[in-house]
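Beneath this line is the structure, given in structure tokens, with notes to follow.
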Amino acid sequence: MLLLIITCIVTGSEISYASTPYKTYTIDGYGYVTETQSAYMPDASITKVGEDALLSPSDMVVTEDGFIYIADTGSKKVLVSDLEGNYIRTIGEGELTAPTGIYVTKDKTLYVADKDGKKVVVFDEEGNKIQEYGKPDHPLYGESMDFKPQKLVVNKSGNMYIICEGNTNGIVQIAPTNGGTFIGYFGTNYTSVSLLEVFQRAIFTDEQKAKMLSKLPSTPTNLSIDESGLIYTVTQGDYQYTLKKLNIAGSNLIVPDAYDELPASVTTGAYDNIYVASQDGYIYEYNSDGELLFVFGGRDDGRGRIGLCDKVAAIGVDNESNLYLLDAEKKQVQIFKPTEFTNLLHESLFLYEKGRYTESKEPLTQVLEMNSLFDYANKAMCRAYLQEENYGEALKYARLAKDFDGYSDAFWEVRNQWIRDNLILSMGVLILVFACVQVLKRLQKKKGIFNPLQKKVRGFYDRLLVKQMVYSRYFMKHPVDGCYGVKREQKASYLCANLILLGVIILSIIGKYGCGFLLKTVRDGQYDLIGDAGTVIVIFLMLIACNYLMCTINEGEGTFKQLYCAYAYALTPYIFIKPIVILLSNVITYSEVFLVQLTNYIMISWIAVLLFIALKEINDYTIRSTIKILLLTIFTVLIAALLIFIIYILFTQVLEFVVTIAGEVVYRLET
């Protein structure tokens, strides 16, 4: 996902200071990209390590004790500096051919992936070479497979995880025993085959298959490892699996809710958060579950502004959550400092992850004071209140964050509490209502107290429109007889059909905006009533018109009025069942959503059967002819929709042309 970055910045030489040249975004609960406060400020840039300028930097590691290691492929060495760019030492000069990846352990042992040298070289803290690993001689590695290490990490046991150029089998695992023991491949990416490719392989000849592009898995672009030994990889062009968090078995634990198509590097922070830097300079920060917190940065437009990059090679983070971005094209390291907003969010993340939910509420409250619509903070606040069993407050924050899981958990508890508090009262009310009904029935039987009212009700039901409306209920239970009544006995009218259609429109709007939170698909406060009503009317009329056209061509007996009324009557189950769906949606949790889905399936199936029978009986078709007309109607609707779309495009172009001409005429008259 690439985002547009705007505004301006000032640059300097070796160390420069600047303001924010980009916007910061996050993902809201509906999955939309939304702008938020600046998460990180560009603070400085390092273009030299002492007197050594960076020639062609390709990787970087920021250590916990405050040092930066930079693999400079151009100068064939690794440069070490402090966090301000002051020179500490040079490692590997004269030993390395093309260092493209590095990793530093806690005891300051340096591992270097030397791609052109086809080896991994190990140095101690002082820069002395202590070991070298070449191509594994194990048969499972592959005799024809070359060994060109590009990136690597090392776990606490000393096992190396190496990304090799052109090796699609996965990450190479090498143990330090016996001069380097090949363990196997790890975290192999998978390929997907489309239905078209399956069909092509089924019918193509061997020659044609040979010309098809082979479906090989992508090689990871970069990797990182955290304190728990979990491996993080990024792979360009792997879509939702661009970022992976792999356990010891190589299984992916996350699917990020936003990703970049050109990730260049990945690292982890002190709060179990994950940072991904794209090749174009965008920085993504996720929590440990792959939920996006921030995305910011971007590609420089040629003015050399700090905070924007040309081509990112690596990302690092120090103990204070300062970010270090290695730009291979600009040949510099850019430094970003977290804002107060981000520091508060990180503090709350740390407390929450450690189970200190009550303590996490204080920094979360400050975050929400700065941005009350920051959904992740609302979500964390919801979970904190859930742990405290304050379900009312949890519901409030879950709704603000669009946290459906949290809302469901809190609503379950609130509903259970309401049932416990009101069960006896509810039973009492039901018994009282039942008793009143029985008393009124006896009074009616003995004294006829409701006779005048019944007379008025019968008079009301004797009205023609009311009879037609009541007949719609009979139609949905006895569709064959109902169609006979519509066709032969004048049991329907345009007015009745339009009232039913109006009821469908009203209920569809109520269902869209008034359904339960767990099933809501639109943002709160965003309404398009005219568009919603127009959609129902246009679809209904288009289906009627296209179907009537096909029936007329294929010797159908029904008139337009008969089809219109019968199809409107076929929608009657919607009138009776949709209110039940709406009520259910407001009192269920996630575990009960199937009740709403089942009710919807019953309603839709019922309507579909009624429409089929109406088409068959009104036109006196056979079942086979009815199916034929349905298929022709669907085809006609698609053609009509395409025609309307073409007319709309042509109309907008003509309108734009007329407006342009008119503007030109006005301009010339004024001059």
Side-chain angles (χ1 to χ4, degrees), residues 57-63 68-73 76-80 91-92 95-124 127 129-136 138 141 145-177 179-189 218-227 229-235 244-246 248 250 263-268 277 313-316 326 328:
S58 56
D59 202 7
M60 173 186 66
V61 171
V62 179
T63 62
I68 303 175
Y69 289 69
I70 301 174
D72 193 351
T73 307
K76 303 179 181 181
K77 59 188 177 183
V78 176
L79 297 169
V80 185
I91 299 176
E95 290 282 351
L96 302 172
T97 305
T100 56
I102 55 175
Y103 183 80
V104 183
T105 63
K106 288 187 178 295
D107 62 0
K108 308 306 284 293
T109 302
L110 172 65
Y111 290 75
V112 182
D114 191 352
K115 187 180 73 171
D116 290 350
K118 299 183 179 182
K119 59 187 177 181
V120 172
V121 187
V122 186
F123 300 91
D124 63 15
K129 177 181 172 181
I130 56 178
Q131 188 57 273
E132 181 178 304
Y133 302 94
K135 177 182 176 180
H138 198 284
Y141 180 81
M145 190 64 66
D146 206 350
F147 185 69
K148 292 185 175 182
Q150 289 184 303
K151 308 292 179 183
L152 81 166
V153 295
V154 183
N155 67 13
K156 293 178 181 178
S157 301
N159 295 331
M160 292 167 280
Y161 295 80
I162 307 167
I163 295 176
C164 294
E165 183 180 78
N167 195 329
T168 59
N169 294 322
I171 299 169
V172 178
Q173 293 185 82
I174 297 179
T177 57
T181 303
F182 177 67
I183 301 175
Y185 289 105
F186 178 84
T188 305
N189 290 322
S218 303
T219 302
T221 306
N222 212 326
L223 77 170
S224 180
I225 188 170
D226 65 11
E227 288 292 326
L230 298 174
I231 304 293
Y232 300 78
T233 67
V234 287
T235 307
K244 289 183 178 180
K245 179 180 180 180
L246 305 173
I248 192 172
S265 184
V266 58
T267 191
T268 56
I315 186 172
L326 178 63

Distance from [X] atom [atom1] to [Y] atom [atom2], nearest 0.5 Å?
| X | Y | atom1 | atom2 | answer |
| --- | --- | --- | --- | --- |
| F123 | E132 | CZ | CD | 8.5 Å |
| K156 | I225 | NZ | CD1 | 8.5 Å |
| K244 | I231 | NZ | CD1 | 13.5 Å |
| D146 | C164 | CG | SG | 8.5 Å |
| K129 | D124 | NZ | CG | 12.5 Å |
| M160 | T181 | CE | OG1 | 9.0 Å |

Compare all side-chain heavy atoms of [X] with those of [Y] and state whether any distance is below 4.5 angstrom.
| X | Y | result |
| --- | --- | --- |
| T105 | Y111 | yes |
| Y103 | V120 | no |
| I91 | Y69 | yes |
| Q173 | N159 | no |
| I102 | L110 | yes |
| E165 | T219 | no |
| I174 | P136 | yes |

Report the relative orientation of the aromatic rings in Y161 and F186; use parallel for angles under 30°, tilted for 30 to 60°, perpendicular for over 60°.
perpendicular

For M145, is there any backbone N or O sitting under 3.5 Å from a side-chain donor or acceptor partner on K135?
yes

So which atom in [X] and which in [Y] form the shortest heavy-atom distance, rounded to 0.1 Å?
| X | Y | value |
| --- | --- | --- |
| T100 | P149 | OG1-O, 3.5 Å |
| I183 | A175 | CD1-CB, 3.7 Å |
| V122 | T109 | CG1-CG2, 3.4 Å |
| V62 | I68 | CG2-CG1, 4.4 Å |
| S224 | V153 | CA-CG1, 3.8 Å |

NZ (K119) with more than 12 external heavy atoms under 6.0 Å
yes

Just wondering, more than 12 heavy atoms not from K77 lying within 6.0 Å of its NZ?
yes

A98 meets the side-chain contact (heavy atoms from CB on, under 4.5 Å) criterion, sequence neighbours left out, with T73, D114, D116

